[in-house]
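Heads up: the structure comes next, in structure tokens.
What you see below is based on every heavy atom in this structure, not just the backbone, and it leaves out hydrogens, waters and symmetry mates. In the text below, chain A, chain B and the rest are named by the order of the sequence lines, each starting its count at 1.
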2 protein chains.
Amino acid sequence: MKVSDRTIERLSLYYRYLYILFQQGTQFISSKHLASLVGLKPEQVRKDLSYFGSFGRTGKGYEVVSLQRAIAKILGLEQGRKVAIVGVGNLGMALAGYKGFEALGFRIVAIFDSSANKIGKKYKGKVCHDIADFKEVSKKEGVEMVILTVPSEVVQEVAQSVAAAGIKAILNFAPVNLNVPKAVKVNNIDLASELKRLSYYAQGNRKDAD
Amino acid sequence: MKVSDRTIERLSLYYRYLYILFQQGTQFISSKHLASLVGLKPEQVRKDLSYFGSFGRTGKGYEVVSLQRAIAKILGLEQGRKVAIVGVGNLGMALAGYKGFEALGFRIVAIFDSSANKIGKKYKGKVCHDIADFKEVSKKEGVEMVILTVPSEVVQEVAQSVAAAGIKAILNFAPVNLNVPKAVKVNNIDLASELKRLSYYAQGNRKDAD
DNA sequence: GCGTGTGAAACCATTCACAGCT
DNA sequence: AGCTGTGAATGGTTTCACACGC
């Protein structure tokens, strides 16, 4: 099955709100209501879900709990994905200590750096490994996703090692376009670019302004 | 003129690489070369630029310096945009102290919080104002963009005040879909959603895998 | 009656292909 | 010869509209 990136992006948003609805004790939700929460059209919600099956009940909407479970299954969130952080600088350390991960079903199972004075030391309760040992350690720990918080100058090289070790999902914080095999999905978080984009709209250039 | 969000997003990427090329002393660059740097097709680069004018020289490519300047003008980066940070928690403070802003042409001119024990105190050299005074202070300081690092529970309310004060661009770190007038552009940075999306691809679900 | 699921239509973005300039 | 700028064609995503089930 081929589903667009856009759809996957939205599924993670639906999941967020389903979780809140679940906590509030809501049992059923219509595509209309869910759409209004995430700021989309109802048809969009239905179409996105339809790529994976029929989760709703005609006339009633979607059962919150079961839809949540279904999306968790699609996204592979059930079994607690194992994550590695590569680059133990300020950002990397902050992320390594971020409590929110567990709640989301992610577990940081290994951290890596290349500098001799970090390797072997403990950060946030985890031993820092040598990047050179990435393949070996990541195999042993069962790493499935990698967060890259290394400097721009080396990120391409590191990404290649990570890809070579068979990792299929990378979250990259360096402001560099990573060149990796197509089978690997890279998402970028880049504060600088985000700000530059926004600057355009700060001038009032909204495509569909009221 | 109406230009798509996608185009604006890419312009900020072009800008990044033009800056690097400039530092390297490169004088001219072809759409082909620039495209390869950002991981796109040459036609895409040319089309994006064509929405705003003709910046290239036939047979030679684009002059790095003048293209960089042109994009800076489009994105409104020339005059040093004034930014406010609302929400002085861990993340807000980290951002307030982030040196990279200046280099990008952004200036943090005000910080805000609602808690009585923060208001009036100095953080990273800036006095923390009361959110209740947002309109007044932001007018006085000439704030053009706002970064929201407040808790999810209050972010919608805060966003409304910000929008009401006439701000047209918001960067939101809370995992909540903000409901604001269409004239206001909101970009979200949400680590949790980013990870959930990636989880899907960690399973090897790449649409166009090799 | 209300709300899902889904083909078909409309819309938007990307890619192609080439004319035109240096 | 090389590369830009851009209409036209293609491909993809969103929206419409309606049949069907509760």
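Dashed line: the shortest gap from a side-chain N or O of B:Ser31 to OP1 or OP2 of D:dT4 is under 4.0 Å. The shortest distance between the side-chain N/O atoms of A:Arg57 and the OP1/OP2 oxygens of C:dT4 is not below 4.0 Å. At C:dC16, none of the side-chain N or O atoms of B:Arg46 fall inside 4.0 Å of OP1 or OP2 (strictly under the cut-off). Remark: B:Ser4 is in phosphate contact with C:dA13, judged by side-chain N or O atoms under 4.0 Å from OP1 or OP2. Contact annotation: B:Tyr51 does not reach the phosphate of C:dT14 (side-chain N/O to OP1 or OP2, under 4.0 Å). Side-chain N/O atoms of A:Gln44 include one lying less than 4.0 angstrom from OP1 or OP2 on D:dT15.
Between A:Glu63 atom CD and C:dT4 atom C1' the separation is 15 Å, expressed in whole Å. Taking atom CZ on A:Arg6 and atom P on C:dC11, their separation rounds to 18 Å, with Å as the unit. What separates NZ of A:Lys41 from P of C:dG3 is a distance of 18 Å, to the nearest Å. Residue A:Leu49 contributes atom CG, which lies 13 Å from atom C1' of C:dG3 at whole-angstrom precision. One atom, CG of B:Leu11, and another, P of C:dA13, lie 14 Å apart when rounded to the nearest Å. Computed from coordinates, the B:Lys32 NZ to C:dC16 C1' distance equals 16 Å when rounded to whole Å. Taking atom CZ on B:Phe28 and atom P on D:dG2, their separation rounds to 17 Å, with Å as the unit. For B:Phe55 and C:dC21, the CZ to P distance is 19 Å, given to the nearest whole Å.
Nucleic acid contact class of B:Gly56 (heavy atoms, under 4.0 Å, all strands): sugar-phosphate only.
Judged by distance alone, with hydrogens and angles left aside, the side-chain atoms of B:Thr7 form no donor-acceptor pair with the main-chain N or O of B:Asp48 at under 3.5 Å.
If you check distances only, the side chain of B:Lys47 does reach the base of D:dG7 with a donor-acceptor pair under 3.5 Å. Side-chain N/O atoms of A:Lys60 and base N/O atoms of D:dG21 include no donor-acceptor pair closer than 3.5 Å.
With distances taken from any side-chain atom of B:Glu43 to the nucleotides C:dA17, D:dT14, D:dT4, the minimum falls on C:dA17. Between D:dT14, D:dT4, C:dG5, one nucleotide has an atom nearer to the side chain of A:Ser54 than all others, and that is C:dG5. Side-chain proximity of B:Ser50 to D:dG5, C:dG5, C:dG3: nearest is D:dG5.
For the helix from C:dG1-D:dC22 to C:dT22-D:dA1, the terminal axes (five pairs an end, C1' atoms, rotation from four pairs onto the next four) enclose an angle of 0°, given to 10 degrees.
A:Phe28 has its ring centre no less than 6.0 Å from the ring centre of A:Tyr62.
Judged by a 6.0 Å distance limit and a 45° cone about the ring axis, A:Lys168 is not positioned over the six-membered ring of B:Tyr201.
Separating the OH atom in A:Tyr17 from the CD atom in A:Gln24 is a distance of 11.0 Å, to the nearest 0.5 Å. Put simply, CD1 on B:Ile71 and CG on B:Leu11 are 5.5 Å apart, with the number rounded to the nearest 0.5 Å. Between atom CZ of residue B:Arg197 and atom CD of residue B:Glu194 there is a gap of 4.5 Å, rounded to the nearest 0.5 Å.
Partner of B:Val158 under the side chain to side chain contact (heavy atoms under 4.5 Å, CB included) criterion, out of B:Ile131, B:Asn172, B:Val146: B:Ile131 alone.
With sequence neighbours excluded, no residue forms a side chain to side chain donor-acceptor pair (under 3.5 Å) with B:Ser161.
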